[in-house]
Amino acid sequence: IAAILVLSGGNHAAQGVDARAALLASVKAMGADNLKTIEYTGAGFSSQIGQQFNVDGGWPTYQVVNYTRQIDFDARWSREDYTRQQGNYPTFGRVPMPATPVTSVVNGAYAWDIRDNMPVPLTRGYLDGISFNELRQLEIAITPHGFLKAALAAPDATAIKVRLVGASDFGLSQFDRAVTIVSFTFLGKYRINGHINDQNLVELVGTWIANPFYGDMDYEMRYTQYQDFGGVKFPMLLHTHQADPR
C-alpha cells in the first residue's frame, strides 16, 4: 500500500470520517442493500506463489479458464470452480501444467476441496501458514460487497479520508483523488483495510495472513472497471496480489 498511498502535510493529511456513513453510502452506490448471494464468471491467469522465482518472468504463471465463484454472504459459504492449465505462459524448463480442474469450498468454519466428485480434507495451511477455512472466510470478506457487509458488522470499524499523491496502477485512484479507507478486525485477529473511491465504489481491500517465510504476508484484492448489473455494481477486472507489497 505504501507504493500507492503516500501521505504528506497540508491538504493531503488524513481526516477522520464516520465509518458507518461511508459504508452505507457505498452500499447504496453498489446496490448491496438486499444482496444475499452472488455468482460471477471469468477467465485470466494466476501464479504459483512460493515456487521457484524467475528474474525474467516472476512466479510460474498459468492460465485460468471456466472460472466461476458463488457466494452466500449470510451463510458464509463460497464455492470456487475453475480449470488451470499452462496456456501460452513460459515453463522455464518445468513440465507444462496439464488442464486441471479445481474446486474450493468453504462453509463457515469448514473448508475442503473437491476432486473427482469427492471431498478432499485440507490438512495443511495455505503455504504452510493460515488455515484454509480462515483464508476462505477472509476471501469472502475482501470481495467488494463482502467487505461492506463485514465492515458494517464489525464493532471496531474506523475510517479516514485521504488524497492520494502521484500515480497508481491497475486503474486505482491517483493524482489527488480522495479515497476513504475503512479499517476493522475480522475473525478477531485479521486487520482489513478497504479503499472506497470518490464514486463510493470499493476499489482495494487488503489484509495480512500468516506465512512461515514472509511472516505477515500481504494479501489484497483490487477492483476496477465497474459495470451495473440490474442495480448491482460489480468490477470487470479483479486482481489478487499476494506477498511483496507494491
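Because the structure is predicted, anything quoted here is derived from the model rather than measured.
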Please answer: with hydrophobic residues joined when any side-chain heavy atoms are less than 4.5 Å apart, are [X] and [Y] in the same cluster?
X	Y	value
L127	F213	yes
V182	V17	no
F45	Y62	no
L152	L187	yes
M221	V64	yes

Please determine if E80 and R136 form a salt bridge, counting it only when a charged side-chain N lies under 4.0 Å from a carboxylate O.
no
Looking only at non-hydrogen atoms, find the nearest pair between [X] and [Y] and report the distance.
X	Y	result
S183	N193	OG-OD1, 2.5 Å
A109	N133	O-ND2, 3.1 Å
S173	N197	OG-CB, 3.6 Å
A157	A151	CB-O, 3.7 Å
A32	L148	CB-CD1, 4.4 Å
P212	D128	CD-O, 3.6 Å

State whether the side chain of [X] and the backbone N or O of [Y] hold a donor-acceptor pair below 3.5 Å, judged by distance alone.
X	Y	result
R163	D176	yes
H145	K36	no
Q137	G108	yes
T143	I140	yes

Considering only heavy atoms from C-beta outward, does the side chain of [X] approach that of [Y] to under 4.5 Å?
X	Y	result
T224	L172	yes
T37	E39	no
M30	L35	no
V105	W77	yes
L138	I130	yes
D218	E220	yes
Y223	L201	no
R222	L204	yes

Please report the interatomic distance [atom1]([X]) to [atom2]([Y]), rounded to the nearest 0.5 Å.
X	Y	atom1	atom2	value
M217	T207	CE	OG1	10.5 Å
L238	Q225	CG	CD	10.0 Å
L23	I196	CG	CD1	5.0 Å
I71	K149	CD1	NZ	11.0 Å
Q70	I38	CD	CD1	11.5 Å
F147	I142	CZ	CD1	10.5 Å

Pairing donors with acceptors under 3.5 angstrom, does anything connect the side chains of [X] and [Y]?
X	Y	value
D81	T103	yes
T41	T68	no
S78	E139	no
Q199	Y226	no

Q63 pairs by side-chain contact (heavy atoms from CB on, under 4.5 Å) with which of M97, Q85, Q86, R84?
Q85
Check the orientation of Y126 and Y219. Use parallel for under 30°, tilted for 30 to 60°, and perpendicular for over 60°.
perpendicular
What class does the angle between the rings of H239 and H241 fall in, given that below 30° is parallel, 30 to 60° is tilted and above 60° is perpendicular?
parallel
Does the salt bridge (charged side-chain N to carboxylate O under 4.0 Å, His left out) test come out yes or no for D156 and R191, once each step is laid out?
CA-CA 10 Å; D156 64 341; R191 194 68 178 174; 3.2 Å; yes
D228, CG: over 12 other non-hydrogen atoms inside 6.0 angstrom
yes
Does a sphere of radius 6.0 Å around CZ in R177 hold more than 12 heavy atoms from other residues, nucleotides or ligands, not counting ones at 6.0 Å or beyond?
yes
